[in-house]
Q: 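Let me begin by handing over the structure; questions about it come next.
The figures here come from the full heavy-atom set of this structure, side chains too, leaving out hydrogens, waters and symmetry mates. Sequential numbering from 1 along the given sequence is applied to the chain's residues.
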Amino acid sequence: MSPSNDASAPLVIVGAGQAGAMAARALRELGHAGKVVLIGDEPHAPYERPPLSKAVLADEQPPDVNLLPEPFLAQSGIVLQPGRRVVRLDAARRELHLDDGAVQAYRACLLATGGDVRVLPALPPGTPGVHYLRTLDDAQRLRAALRTARSLLVTGGGFLGLEIASTARALGLDVTVMELGPALLGRAMPPEVSRWLAARARAHGVRLHLGAQPSGLVPVAGGIAATLADAGVLRADLAVVAVGQVPNVALAREAGLLIDAGNGGIRVDERCRTSAEGVYAAGDCASGRDAATGTHRRLESWQNANEQARIAAAAMLGQDAEPPPPPWFWTDQFGCNIQMLGHGAPGLAYRLRGQLPEGRDPGKAMLFGIEGKRLVHVIAINAGGDLRAFRSVLGRPLACAPEALTDPGIPAKQLARLALGPASA
């Protein structure tokens, strides 16, 4: 019997990160009693990534980030193969070829290969004093370096770069952030929030250089140096490069799977099925269809990894799954918790509820992004509890005037009911 027709072949997950681990767990929760194999190229068991730039770097006793503790693995019977790498996918024969020459047959396969850090050619990984942060080992190396350094230069003013900068400042380091764009988080946030966040970072002692195009970014004796046209030479003991990531799709591309030309992810449908029968994809490597817009997006988020894992697991078993909730993302930096619901877009009009916190004041505020008459994006600053009330409102036409959303005197739940109209009463 060929592997492609072997009903006894296991379900195999390639990639033991958030999506891979959650998919393995979901298969058991959905009642699958057959063999599940989880293959990961790191030596560790699956772990949570969001704490890597925060608690893992900062806390004296780093938190337990394990996603599949040993007792669960033993009870579930999931076969974890850490430190193994799949080098070839044969979709026609339903086989995976591993780096040690072994061949693993599968009945269905989930690609949860995640992403790799985007590397600056001038500062490749391994350069003395230079750190990239993607894995637990990366975080542990950076954690040790931060405890002996006095200054840090962060290249990249995105979520990861700012979280690391915030953590380093809390540890007492002198921190400088260089961002190529004219604003922090310019593609994710409206201009007023970008400006507020820049002021917030500066109030916490971070030196910001926006629109920074260093003519030199090189290791020097005792650290790293960058040369800016308007600021001269910047020096620091350490450098962190946080300029985004690229989806890890080499395995899929070489197997002939369809790759999204726009975002570089593995194209999947609403059930996380790829262009090859029996092969699914989820997480940072996957380009899924947005039901609201009909376009394909590749979302790098904890929530998206969990949701696609759940949907893919059900599809691998021939079951239907509930559609995913609206996209949600969060970040903790400079004493603020910032949560986002839905998608922003250039030129979107925002309404402010409350006041953006000034200086180091924690404060509380919400911004509502409205397109036409629909609420499409909500940003909550230290107001995560209020944000939850608007999950059911997102994407729907407002039954109230947009100005009504700005009233801080109306409780969030009541305001959400007002936005939904009489039918929600």
Q: Is the backbone N or O of L184 less than 3.5 Å from a side-chain atom of S194, with the two atoms forming a donor-acceptor pair by type?
A: yes
Q: Using a 4.5 Å cut-off on heavy atoms from C-beta on, say whether the side chain of L27 contacts that of I78.
A: no
Q: To the nearest 0.5 Å, tell me how far D284 CG sits from S301 OG.
A: 7.5 Å
Q: From R85 CZ over to I39 CD1, what is the distance, rounded to the nearest 0.5 angstrom?
A: 12.5 Å
Q: Quick one: closest heavy-atom pair of I13 and A24, and the distance?
A: CD1-N, 3.5 Å
Q: Table please: side-chain donor-acceptor pairs of residues 233-241 below 3.5 Å, with sequence neighbours left out.
A:
{"residue": "D237", "atom": "OD2", "partner": "R150", "partner atom": "N", "Å": "2.8"}
{"residue": "D237", "atom": "OD2", "partner": "S151", "partner atom": "N", "Å": "3.3"}

Q: I'd like to know whether V12 forms a side chain to side chain contact (heavy atoms under 4.5 Å, CB included) with V86, so could you lay out the CA-CA distance, the side-chain angles of the two residues, the decisive distance to 0.1 Å, and finally the verdict.
A: CA-CA 11 Å; V12 181; V86 176; over 6 Å; no
Q: Does NZ or CZ of R391 lie under 6.0 Å from the centre of the six-membered ring of W328, at an angle within 45° of the ring axis?
A: yes
Q: Any chance you could lay out the side chain to side chain contact (heavy atoms under 4.5 Å, CB included) test for M366 and L405, step after step, and finish with the verdict?
A: CA-CA 9 Å; M366 296 184 73; L405 298 178; over 6 Å; no
Q: I need the minimum non-hydrogen distance between A212 and L228, along with the two atoms involved.
A: CB-CD2, 4.0 Å
Q: Taking the side chain as everything from C-beta on, heavy atoms only, tell me whether P324 gets closer than 4.5 Å to Q303.
A: no
Q: Does this structure show an ion pair linking E300 with R118, if we count only N-O contacts that are shorter than 4.0 Å?
A: no
Q: With no hydrogens and no angle check, is any side-chain donor or acceptor of R143 less than 3.5 Å from a backbone partner on D59?
A: yes
Q: Looking at side-chain heavy atoms only, is the closest gap between P50 and W330 below 4.5 Å?
A: yes
Q: Residues in side-chain hydrogen bond (donor to acceptor under 3.5 Å, both in side chains) with R25, at least two apart?
A: none
Q: What heavy-atom pair brings V378 and L375 nearest, and what distance separates the two atoms?
A: CG2-CD2, 3.8 Å
Q: Take the angle between the ring planes of Y350 and H377 and call it parallel below 30°, perpendicular above 60°, tilted in between.
A: perpendicular
Q: CG/L52 to OG1/T135 distance, rounded to the nearest 0.5 angstrom?
A: 7.5 Å
Q: Listed by chain and number, what are the side-chain hydrogen bond (donor to acceptor under 3.5 Å, both in side chains) partners of S215, not counting sequence neighbours?
A: none
Q: Locate the shortest heavy-atom distance separating Y106 from A91; write the atom from each residue and the value.
A: OH-CA, 3.6 Å
Q: Can you confirm whether L110 sits close enough to C272 that some side-chain heavy atom of one is under 4.5 Å from a side-chain heavy atom of the other?
A: no
Q: For residues 175-198, which residue pairs pass the ring-ring contact (aromatic ring centres under 6.0 Å, His included) check, not counting sequence neighbours?
A: none
Q: Of all residues at least two apart in sequence or in a different chain, which pass the side-chain contact (heavy atoms from CB on, under 4.5 Å) check with E270?
A: R273
Q: Just by distance, do the side chain of T167 and the backbone of A58 share a donor-acceptor pair under 3.5 Å?
A: no
Q: How many angstroms lie between atom CG of L352 and atom CZ of F368, to the nearest 0.5 angstrom?
A: 9.5 Å
Q: Using side-chain contact (heavy atoms from CB on, under 4.5 Å) as the criterion, list what pairs up with N306, not counting sequence neighbours.
A: Q18, M22, W302
Q: Donor-acceptor pairs under 3.5 Å, side chain of residues 174-181 to any protein atom, not counting sequence neighbours: which ones?
A:
{"residue": "D174", "atom": "OD1", "partner": "R207", "partner atom": "NH1", "Å": "2.5"}
{"residue": "D174", "atom": "OD1", "partner": "R207", "partner atom": "NH2", "Å": "3.4"}
{"residue": "D174", "atom": "OD2", "partner": "R207", "partner atom": "NH1", "Å": "2.7"}
{"residue": "E179", "atom": "OE1", "partner": "G157", "partner atom": "N", "Å": "2.6"}
{"residue": "E179", "atom": "OE2", "partner": "G181", "partner atom": "N", "Å": "2.8"}

Q: Answer yes or no: is there a donor N or O on one side and an acceptor on the other, between the side chain of Q308 and the main chain of G283, under 3.5 Å?
A: yes
Q: Where the side chain of D116 meets the backbone of N248, is there a donor-acceptor pair that is under 3.5 Å apart?
A: no
Q: How about L185 and T331: do any of their side-chain heavy atoms sit closer than 4.5 Å?
A: no
Q: Report yes if the side chains of P214 and T227 come closer than 4.5 Å at any heavy-atom pair, otherwise no.
A: no
Q: For L133 and V117, what are the C-alpha separation, side-chain angles and deciding distance, and is it a side chain to side chain contact (heavy atoms under 4.5 Å, CB included)?
A: CA-CA 8 Å; L133 180 55; V117 293; over 6 Å; no
Q: How long is the gap from CG on L111 to SG on C285, to the nearest 0.5 Å?
A: 6.5 Å
Q: Grab the two heavy atoms, one from E163 and one from K54, that are nearest each other, plus how far apart they are.
A: OE1-NZ, 3.1 Å
Q: Which residues pass the side-chain hydrogen bond (donor to acceptor under 3.5 Å, both in side chains) test with D137, sequence neighbours left out?
A: H44
Q: What are the two closest heavy atoms between L251 and V87, and how far apart are they?
A: CD1-C, 3.6 Å
Q: Restricting to pairs with a member in residues 187-204, which pass salt bridge (Lys or Arg N to Asp or Glu O under 4.0 Å), not counting sequence neighbours?
A: none
Q: Does L299 offer a backbone N or O that forms a donor-acceptor pair with the side chain of N304 under 3.5 Å?
A: yes
Q: Distance-only, no hydrogens or angles: does the S53 side chain make a donor-acceptor pair with backbone N or O of L160 under 3.5 Å?
A: no
Q: Indicate yes or no for a side-chain donor-acceptor contact from R28 to the backbone of H32 under 3.5 Å, with no hydrogens or angles considered.
A: yes
Q: Are side-chain heavy atoms of I338 and M189 found at a separation under 4.5 Å?
A: yes
Q: Could R94 and E277 be called an ion pair, given the rule that one side-chain N must be under 4.0 Å from one carboxylate O?
A: yes
Q: Just do the side chain to side chain contact (heavy atoms under 4.5 Å, CB included) check on R271 and D320 with the steps written out, would you?
A: CA-CA 8 Å; R271 301 187 68 192; D320 292 325; 3.9 Å; yes
Q: If only atom types and distance count, is the side chain of R169 paired as donor or acceptor with the main-chain N or O of H204 below 3.5 Å?
A: yes
Q: In residues 119-132, what donor-acceptor pairs under 3.5 Å come from side-chain atoms, sequence neighbours left out?
A:
{"residue": "T127", "atom": "OG1", "partner": "P124", "partner atom": "O", "Å": "2.6"}
{"residue": "Y132", "atom": "OH", "partner": "L120", "partner atom": "N", "Å": "3.0"}
{"residue": "Y132", "atom": "OH", "partner": "L123", "partner atom": "O", "Å": "2.6"}

Q: Look up atom CG in L258 and atom CZ in R253, then write down how far apart they are to the nearest 0.5 Å.
A: 11.0 Å
Q: Quick one: are I311 and Y280 in side-chain contact, heavy atoms under 4.5 Å?
A: no
Q: Quick one: side-chain hydrogen bond (donor to acceptor under 3.5 Å, both in side chains) partners of D332, sequence neighbours excluded?
A: N337
Q: What do you reckon, is CZ of R134 surrounded by more than 12 foreign heavy atoms closer than 6.0 Å?
A: yes
Q: With sequence neighbours excluded, what pairs up with D100 under the salt bridge (Lys or Arg N to Asp or Glu O under 4.0 Å) test?
A: R84
